[in-house]
Protein chains: 2
Amino acid sequence: MRNRKGGFGDFPDSNKEACPVEFTLDVIGGKWKGILIYHLMDGTKRFNEFRRICPGITQRMLTLQLRELEEDGVIHREVYHQVPPKVEYSLTPFGQTLGPIINLMRIWGEEYQTKQLSAESCPVETDIQL
Amino acid sequence: MRNRKGGFGDFPDSNKEACPVEFTLDVIGGKWKGILIYHLMDGTKRFNEFRRICPGITQRMLTLQLRELEEDGVIHREVYHQVPPKVEYSLTPFGQTLGPIINLMRIWGEEYQTKQLSAESCPVETDIQL
DNA sequence: CGGGATCCCAAAAGATACTG
DNA sequence: CAGTATCTTTTGGGATCCCG
């Protein structure tokens with residue numbers, strides 16, 4: 001992922017206009033990006049709000065992921081020059097076009113999160129219905 | 001990613017039933033997984049077929065990604081015991097439920113692959129319509 | 001043909017400390 | 001509050017050789 005930053009210059013020629021699925025995953029496929037976009041879908045968020053929502057993420061990773069999303073034009077970063085500082089993140093119109101995908105991923109996740117786990121905990125075939 | 005293999009035992013308690021988006025990304029978010037699933041959507045594939053379709057992937061990565069998809073119950077691995085060996089990969093019914101997501105990602109990718117690139121090449125705001 | 005095993009390097013990510 | 005900088009650890013992933 002993240003390997004198109006320079007603008008495809010590094011690809012020989014094979015996958016210049018690579019698989020569109022790959023392109024999409026490159027935008028939302030980062031470990032936290034989907035979640036960040038997801039939470040931005042119901043409104044503007046601040047830096048420490050994200051840290052509260054995603055307890056697992058470190059501030060460094062949060063910064064990096066937000067920066068990449070910003071570079072990709074998915075989110076907007078609004079800085080208020082005041083003390084204490086205030087920065088608000090929001091989806092750009094472009095970022096909002098990702099909404100349907102994120103929503104579908106949420107629905108699928110809700111649907112199969114439990115079923116998949118039960119399936120995984122059964123190493124062999126079972127007659128317990130999934 | 002991939003950190004739920006043991007069945008959530010490693011999570012303290014916070015995100016046991018984590019964000020469903022995160023769950024979904026965990027299944028399809030690997031570097032090549034989306035593409036592999038995508039190509040399996042139009043039929044069974046063999047190992048070296050994938051290597052031809054995705055020239056960038058090494059056999060090691062291909063093996064690993066296929067194994068993970070298999071462990072997640074997304075794909076089925078059919079081994080024909082013969083010489084030369086033959087192994088066919090296909091989507092399980094479970095894996096096919098991912099179809100709509102992959103399709104949406106493909107459509108989005110096709111739609112924005114070009115536009116996004118033009119946007120990225122413009123460091124400042126422009127009146128060239130995206 | 002379809003991998004497995006091993007080695008090794010590079011990139012990703014965590015921890016900690018510091019700052020405008 | 002919202003980060004940066006630096007360091008260390010972990011992981012990803014390429015190269016190579018081998019096997020059934």
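Here is how names work: the chains are called A, B, and so on, in the same order as the sequence lines, proteins then strands, and each is numbered from 1.
Distances were taken from every side-chain heavy atom of B/T63 (C-beta onward) to each of C/dG3, D/dG3, C/dC1; the shortest belongs to C/dG3. The listed nucleotides are C/dC1, D/dG3, C/dG20; the one nearest the side chain of B/P85 is C/dC1. Among the nucleotides C/dG2, D/dG3, C/dG4, the one closest to the side chain of B/N48 is C/dG2. The B/K31 side chain lies nearest to D/dG13 when the options are D/dG13, D/dA2, C/dG4.
Checking side-chain atoms of B/T92 against main-chain N and O of B/V74 turns up a donor-acceptor pair under 3.5 Å. Checked by atom type and distance alone, the side chain of A/T97 never pairs as donor or acceptor with a backbone atom of A/P93 at under 3.5 Å. Side chain of B/K86 to main chain of B/P84: no donor-acceptor pair is present (N/O by atom type, distance under 3.5 Å, no hydrogens or angles).
For C/dG2, the OP1/OP2 oxygens have no side-chain nitrogen or oxygen of B/R77 closer than 4.0 Å. Distances shorter than 4.0 Å separate some side-chain N or O of A/T58 from OP1 or OP2 on C/dG14. For A/R67 and D/dT4, the shortest distance from a side-chain N or O to OP1 or OP2 is below 4.0 Å. Residue A/Y89 places none of its side-chain N or O atoms closer than 4.0 Å to OP1 or OP2 of D/dC1.
Between the P atom of C/dG3 and the OH atom of B/Y80 lies a distance of 13 Å, rounded to the nearest Å. Between the CG atom of B/L64 and the P atom of C/dA5 there is a distance of 11 Å, given to the nearest Å. Note: CH2 (B/W32) to C1' (D/dG13) measures 11 Å, nearest angstrom. At whole-Å resolution of the value, CG in A/L62 and C1' in C/dG14 are 14 Å apart. What separates NZ of B/K45 from C1' of C/dG2 is a distance of 17 Å, to the nearest Å. Taking atom CZ of residue B/F47 and atom C1' of nucleotide C/dG3, one finds them 6 Å apart after rounding to whole Å. A/Q82 places its CD atom 14 Å from the C1' atom of C/dG20, with the value rounded to the nearest Å. Taking atom CG of residue B/L66 and atom C1' of nucleotide C/dG3, one finds them 11 Å apart after rounding to whole Å.
Residues A/L36 and A/L62 form a side-chain contact, since some pair of their non-hydrogen atoms from C-beta on lies under 4.5 Å apart.
Between A/W108 and B/F94, the angle of the ring planes lies from 30° to 60°, which puts this pair in the tilted group.
Residues B/R60 and A/M61 each lie close to DNA chain C; by heavy-atom proximity, the contact nearer the 5' end of the strand is made by B/R60.
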